[in-house]
> 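Here it is: the structure, laid out below.
The model shown is predicted, which means the values in this text are computed figures rather than measured ones.
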Amino acid sequence: MLIIFLGAPGSGKGTISEKLVKSHNFKHISTGDIFRKMIKSKTPLGNKLKNLIEEGNLVDDETTWEVAKETLENSDLKKEKLILDGYPRNIFQAKLLRKYLESINFKNVKIIYYNVSDKEILERLSGRRMCPICGKSYHLKFVKPKVKGICDDDGGELYQRKDDMNVQVRIDAYKEVTEPLIDFYKKEKKLIIIDAEMNIEDIVKKTLEVTS
Ligand code: AMP
């Protein structure tokens, strides 16, 4: 099964995925994580995309599709429950993905939209902190580590993602190019909407229900 996670930055897609991977055997692929890894390991593409991504802008469709397609080709969609997080990000990407899935005759696709208000998104993103070692995310107010500024799991010193410092740019990009996807999938009668302001356990439970 392919499960497409839609939602504004900060809607909790990463945290929900983390729980589904840990306890329910899902596989999680985030195009954003792939780009961040490329930047960290200073690959030629990573070096090229560094500034653009850190300023909160979107990567071009061709590059992103190469990354997403490689991921899909390396997955066994018939056996795995693969969460695709961060792709598609606009209608053009959605059409590319649809074409690809049609070409391999794959139909078991769920599209979940995690709905959160703008006010909540701003608060979540500006307080988010990450562990540089394991990638786990915390929040200054909502998900505090046991020791301030330190990851519970490996002692990594928490930091703020550079693109979280450009929250407004990311929200604007989301509203302009990604939000129209909601109507796109609604028209196809494929969209599953989950209220992502519920507590995390309920969100995970609901996600499990719709993907069982
Ligand atoms: P995310 O972690 O999903 O917020 O992604 C971080 C950044 O990676 C985004 O702000 C974009 O610069 C880039 N990115 C990830 N996925 C895509 C995509 N499907 N299309 C364009 N840019 C993307």
> Counting only heavy atoms not in D76 (residues, nucleotides, ligands), do more than 12 fall under 6.0 Å from its CG?
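More than 12 heavy atoms, drawn from other residues, nucleotides or ligands, come within 6.0 Å of this atom.
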> Quick one: do V210 and I112 satisfy side-chain contact (heavy atoms from CB on, under 4.5 Å)? Show the steps, please.
CA-CA 9 Å; V210 298; I112 305 180; 3.7 Å; yes
> Is the closest basic N to carboxylate O distance between E102 and K107 below 4.0 Å?
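Judged by the 4.0 Å cut-off on N to carboxylate O distance, E102 and K107 do not form a salt bridge.
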> Between K206 and E209, is there a side-chain N and carboxylate O pair less than 4.0 Å apart?
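A salt bridge links K206 with E209.
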> Backbone N or O of K146 within a donor-acceptor pair of the D152 side chain at under 3.5 Å?
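Yes, because the side chain of D152 sits within donor-acceptor range (under 3.5 Å) of the backbone of K146.
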> Looking at E62, I want to see if its CD is surrounded by more than 12 non-hydrogen atoms of other residues, nucleotides or ligands under 6.0 Å.
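No.
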> Is the shortest heavy-atom distance from the side chain of H28 to the side chain of D85 under 4.5 Å?
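The answer is yes; the side chains approach within 4.5 Å.
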> Ion pair present between D154 and K136, side-chain N to carboxylate O less than 4.0 angstrom?
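Here D154 does not pair with K136 in a salt bridge, since their nearest N and O are not under 4.0 Å apart.
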> Once you round to the nearest 0.5 Å, how far does CD1 of I83 lie from CD of E18?
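Going from the CD1 atom of I83 to the CD atom of E18 covers 11.0 Å.
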> Starting from Y113, can I reach I16 by hopping between I/L/V/M/F/W/Y residues whose side chains sit under 4.5 Å apart?
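I16 and Y113: separate clusters.
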> For atom CD of Q160, decide whether the heavy atoms of other residues, nucleotides or ligands shown that lie under 6.0 angstrom number more than 12.
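Yes.
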> Out of curiosity, does F142 fall in the hydrophobic cluster containing V204 (side-chain heavy atoms, cut-off under 4.5 Å, transitive links)?
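No; F142 is not reachable from V204 via cluster members.
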> Report yes or no: do L52 and L45 belong to one cluster of Ile/Leu/Val/Met/Phe/Trp/Tyr joined by side chain heavy-atom distances under 4.5 Å?
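Yes, L52 connects to L45 through the hydrophobic network.
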> Using every non-hydrogen atom in the two residues, find where T71 and I34 come nearest and quote the distance to one decimal.
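Residues T71 and I34, closest heavy atoms: OG1-CD1, 3.8 Å.
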> Show the nearest heavy-atom pair for residues R170 and D164, with the distance to one decimal.
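Result for this residue pair: NH1-OD1, 2.6 Å.
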> For the pair D163 and R161, find out whether any cationic side-chain nitrogen is under 4.0 Å from an anionic carboxylate oxygen.
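Salt bridge flag = yes for R161 with D163.
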> Say whether Y87 and F106 are linked into one hydrophobic cluster, either directly or through other cluster members, by side-chain heavy-atom distances under 4.5 angstrom.
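Cluster IDs for Y87 and F106 match.
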> Between atom NZ of K186 and atom CG of L181, what is the distance when rounded to the nearest 0.5 Å?
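K186 atom NZ to L181 atom CG measures 12.5 Å (nearest 0.5 Å).
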> Side chains of D118 and I171, heavy atoms from C-beta outward: is any pair under 4.5 Å?
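No, too far: nothing below the 4.5 Å cut-off.
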> Is any side-chain N of the basic residue among E54 and K50 closer than 4.0 Å to the acidic one's carboxylate O?
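Result for this pair is yes, salt bridge flagged.
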> Is any side-chain heavy atom of V59 closer than 4.5 Å to a side-chain heavy atom of W65?
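Side-chain contact under 4.5 Å: no.
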> Could you tell me whether E157 atom CD has more than 12 heavy atoms of other residues or ligands within 6.0 Å of it?
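Open.
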> Would one find more than 12 heavy atoms of other residues, nucleotides or ligands at under 6.0 Å from atom CZ of F92?
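Result for CZ/F92: open.
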> For R124, does its backbone N or O pair with a side-chain atom of H139 as donor and acceptor, under 3.5 Å?
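Looks like yes, one N/O pair under 3.5 Å.
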> Just by modelled atom types, is the E197 backbone N or O under 3.5 Å from a matching donor or acceptor in the E120 side chain?
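No: the side chain of E120 does not pair with the backbone of E197.
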> Side chains of K141 and E123, heavy atoms from C-beta outward: is any pair under 4.5 Å?
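Side-chain contact under 4.5 Å: yes.
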> Quick check for you: to the nearest 0.5 Å, what is the distance between D195 atom CG and M198 atom CE?
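Rounded to the nearest 0.5 Å, the CG-CE separation comes out at 5.5 Å.
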> After noting the C-alpha distance and the side-chain angles of V143 and R128, does the key distance pass the side-chain contact (heavy atoms from CB on, under 4.5 Å) rule?
CA-CA 9 Å; V143 193; R128 177 157 73 177; over 6 Å; no
> Contact between R98 and L96 at the side-chain level, heavy atoms closer than 4.5 Å - yes or no?
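No - every pair of side-chain heavy atoms lies 4.5 Å or more apart.
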> Quick one: are C151 and P145 in side-chain contact, heavy atoms under 4.5 Å?
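Contact flag for C151/P145 side chains = no.
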> Starting at CD of E188, measure out to CG of D183 and round the result to the nearest 0.5 Å.
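Taking CD in E188 and CG in D183, the distance rounds to 11.5 Å.
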> Over 60° means perpendicular and under 30° means parallel, so classify the ring planes of F5 and Y114, tilted if in between.
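Aromatic pair Y114/F5 classed perpendicular.
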> Roughly how far, to the nearest 0.5 Å, is CE of M38 from OG1 of T63?
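Rounded to the nearest 0.5 Å, the OG1-CE separation comes out at 9.0 Å.
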> Apply side-chain contact (heavy atoms from CB on, under 4.5 Å) to residues I192 and I111 and explain how you reach the verdict.
CA-CA 6 Å; I192 300 164; I111 299 151; over 6 Å; no
> For the residue pair A94 and P88, what are the closest heavy atoms and their distance?
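In terms of heavy atoms, the two residues are closest at N-CB, 3.5 Å.
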> Look at the side-chain heavy atoms of Ile, Leu, Val, Met, Phe, Trp and Tyr, link any pair under 4.5 Å apart, and say whether I4 and I194 land in one connected group.
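Different clusters: I4 never reaches I194 through Ile, Leu, Val, Met, Phe, Trp or Tyr contacts under 4.5 Å.
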> Within the supplied structure, the quantity of interest is the number of heavy atoms (other residues, nucleotides, ligands) at a distance under 6.0 Å from Q168 CD; does it exceed 12?
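Buried by this count: over 12 neighbours within 6.0 Å.
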> Take atom NZ of K19 as the centre, draw a 6.0 Å sphere, and report whether it contains more than 12 heavy atoms from other residues, nucleotides or ligands.
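Not more than 12 within 6.0 Å, no.
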> Look only at the side chain of R89 and the backbone of T178, and say whether a donor-acceptor pair between them is shorter than 3.5 Å.
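No: the side chain of R89 does not pair with the backbone of T178.
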> Closest heavy-atom contact between D60 and T64?
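Smallest heavy-atom distance, with atoms named: O-OG1, 2.6 Å.
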> Going through the checks in order, is the side-chain contact (heavy atoms from CB on, under 4.5 Å) test met by N108 and L77?
CA-CA 8 Å; N108 194 6; L77 293 178; over 6 Å; no
> Say whether, by atom type as modelled, one donor and one acceptor occur between the side chain of K81 and the main chain of N25 under 3.5 angstrom.
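Not a single qualifying donor-acceptor pair exists.
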> Heavy atoms only: give me the nearest P9-I121 pair and the separation to one decimal.
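In terms of heavy atoms, the two residues are closest at O-CG2, 3.2 Å.
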> If you round to the nearest 0.5 Å, how far is NZ of K78 from CG of L2?
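With rounding to 0.5 Å, CG (L2) is 12.5 Å from NZ (K78).
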> Kindly indicate whether the side chain of I182, heavy atoms from C-beta on, has any atom under 4.5 Å from the side chain of L6.
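Yes, at least one pair of side-chain atoms sits under 4.5 Å.
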> Can you name the closest pair of heavy atoms from R36 and D33 and give their distance?
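Where R36 meets D33 most closely, the heavy atoms are NH2-OD1, 2.8 Å.
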> Given the rule in the side-chain hydrogen bond (donor to acceptor under 3.5 Å, both in side chains) test, do N51 and E55 qualify, once you have shown the distances and angles that lead to the verdict?
CA-CA 6 Å; N51 288 340; E55 281 162 16; 5.4 Å; no
> Are any side-chain N or O atoms of S11 and backbone N or O atoms of N115, one a donor and one an acceptor, separated by less than 3.5 Å?
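No.
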> Looking at K205 and D202, is there a salt bridge between them, counting it only when a charged N and a carboxylate O are closer than 4.0 Å?
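Not counted as a salt bridge, because no side-chain N and carboxylate O are separated by less than 4.0 Å.
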> Is the backbone of V169 close enough, under 3.5 Å, to the side chain of Y174 for a donor and an acceptor to pair up by distance?
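No, because the side chain of Y174 does not come within donor-acceptor range (under 3.5 Å) of the backbone of V169.
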> Do any N or O atoms from the side chain of H24 and from the backbone of F26 form a donor-acceptor pair under 3.5 angstrom?
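Side chain of H24 to backbone of F26: no pair is present.
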> Tell me, do S137 and R129 make a side-chain contact under 4.5 Å, heavy atoms counted?
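Side chain of S137 against side chain of R129, heavy atoms only: no contact under 4.5 Å found.
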